[in-house]
Amino acid sequence: MSMTFEAGSRVTLLFDFWDVHGPAGMVLSVFVVLLLTVFYELLKVWKVRLGKPLEQPTQPTFPLTFPPPLHSSDSQGSSAVFASSLSESSLAPTEQAAPTPSPMNRWRLHGIQTAMHFLQVTLGYILMLCVMSYNTWIFLGVILGSVLGYFIWFPLLGQI
């Protein structure tokens, strides 16, 4: 086995049954590897997204009661207007305590995150072994799949 990159269309990927003999098989293999890499990037986003509900506080709420206006008999007009306006502390948002999930829900979420981590690590090692075939086309399929997956899935993190 050659330990340098080659651009041929003959390669065995991962298992004996995934033996590529021609250009059509190479195109199909590169496409499969590209899709696996896009799925790998999706798993990374899903794992982060699942962890967010535990960290996110609820939306801040503003108090609905307003203090009564102060009436001043002073002749200082500007200070009377300033004194009758709402104070900064009444305009600041107040945070409500985030509801704590039940222990059963926490364990279920942790189990789902663990399964997703298992899939992510397994898929990452499979993709690494594909790259270690030292085929240039397979390597480019992994790189392009990673770029495409990042481009498609990571904007979803901004919506969390």
S.K.: Given Y125, which of V121, L129, L127 fulfils the side chain to side chain contact (heavy atoms under 4.5 Å, CB included) condition?
M.R.: V121
S.K.: Between L140 and V30, is any pair of side-chain heavy atoms under 4.5 Å apart?
M.R.: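 No - every pair of side-chain heavy atoms lies 4.5 Å or more apart.
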S.K.: Got a sec: does the CZ of F151 have more than 12 other heavy atoms crowding it under 6.0 Å?
M.R.: no
S.K.: Quick one: does V131's side chain get under 4.5 Å of I138's, heavy atoms only?
M.R.: no
S.K.: Assigning hydrophobic clusters by single linkage (Ile, Leu, Val, Met, Phe, Trp, Tyr; side-chain heavy-atom cutoff under 4.5 Å), is F17 placed with L14?
M.R.: yes
S.K.: Is it the case that the side chain of S146 and the backbone of I143 share a donor-acceptor pair, with hydrogens and angles ignored and the cut-off at 3.5 Å?
M.R.: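 No.
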S.K.: Which atom names give the shortest non-hydrogen contact between G141 and V33, and what distance separates them?
M.R.: C-CG1, 4.4 Å
S.K.: Decide whether W153 and L50 are clustered together by the hydrophobic rule: side chain heavy atoms of Ile, Leu, Val, Met, Phe, Trp, Tyr closer than 4.5 Å, transitively.
M.R.: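 Same hydrophobic cluster.
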S.K.: Find the distance between CZ (F39) and CG (L119) and round it off to the nearest 0.5 Å.
M.R.: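 It is 6.0 Å, given to the nearest 0.5 Å.
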S.K.: Counting only heavy atoms not in W107, do more than 12 sit closer than 6.0 Å to its CH2 atom?
M.R.: no
S.K.: How many angstroms lie between CZ in R49 and CD in Q113, if you round to the nearest 0.5 Å?
M.R.: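 It is 13.5 Å, given to the nearest 0.5 Å.
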S.K.: Which heavy atom in G149 sits nearest to a heavy atom in V38, and how many Å separate them?
M.R.: N-CG2, 3.9 Å
S.K.: Find out whether Y134 and E6 are in side-chain contact, i.e. whether some heavy atom of one side chain is under 4.5 Å from a heavy atom of the other.
M.R.: no
S.K.: To the nearest 0.5 Å, what is the distance between CE on M116 and CG on L123?
M.R.: 11.5 Å
S.K.: Hey, does W137 have a side-chain heavy atom less than 4.5 Å from the side chain of V27?
M.R.: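 V27 does not reach W137 side chain to side chain.
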S.K.: Tell me whether F154 at atom CZ has more than 12 heavy atoms from other residues, nucleotides or ligands lying less than 6.0 Å away.
M.R.: yes
S.K.: To the nearest 0.5 Å, what is the distance between CD on E41 and CG on L36?
M.R.: 12.5 Å
S.K.: Taking atom CE of M128 as the centre, does the number of heavy atoms from other residues, nucleotides or ligands within less than 6.0 Å exceed 12?
M.R.: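 Above 12, so yes.
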S.K.: So how far is it from Y150 OH to K44 NZ, rounded to the nearest 0.5 Å?
M.R.: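 Output value for this atom pair is 8.5 Å.
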S.K.: Transitively linked via ILVMFWY side-chain contacts under 4.5 Å: V147 with L42?
M.R.: no
S.K.: Is F31 reachable from V20 through a run of hydrophobic residues whose side-chain heavy atoms are each under 4.5 Å from the next?
M.R.: no
S.K.: Taking the side chain as C-beta and beyond, is there a heavy-atom pair between T136 and F139 under 4.5 Å?
M.R.: no
S.K.: Check for me, please, whether L35 and I126 land in the same ILVMFWY cluster - side-chain distances under 4.5 Å, paths through other members count.
M.R.: no
S.K.: If I take atom CE from residue M26 and atom CG from residue L28, how far apart are they, to the nearest 0.5 angstrom?
M.R.: 10.5 Å
S.K.: Is there a side-chain contact between R106 and L109 in this structure, where contact means two heavy atoms from C-beta onward sitting under 4.5 Å apart?
M.R.: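 No, too far: nothing below the 4.5 Å cut-off.
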S.K.: Under the criterion side-chain contact (heavy atoms from CB on, under 4.5 Å), I'd like the reasoning laid out for W18 against V32: C-alpha separation, chi angles, the key distance, then a yes or no.
M.R.: CA-CA 11 Å; W18 195 350; V32 167; 4.0 Å; yes
S.K.: Strictly distance-based, threshold 3.5 Å: is any side-chain N or O of N135 a donor or acceptor partner for the main-chain N or O of S9?
M.R.: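 Side chain of N135 to backbone of S9: no pair is present.
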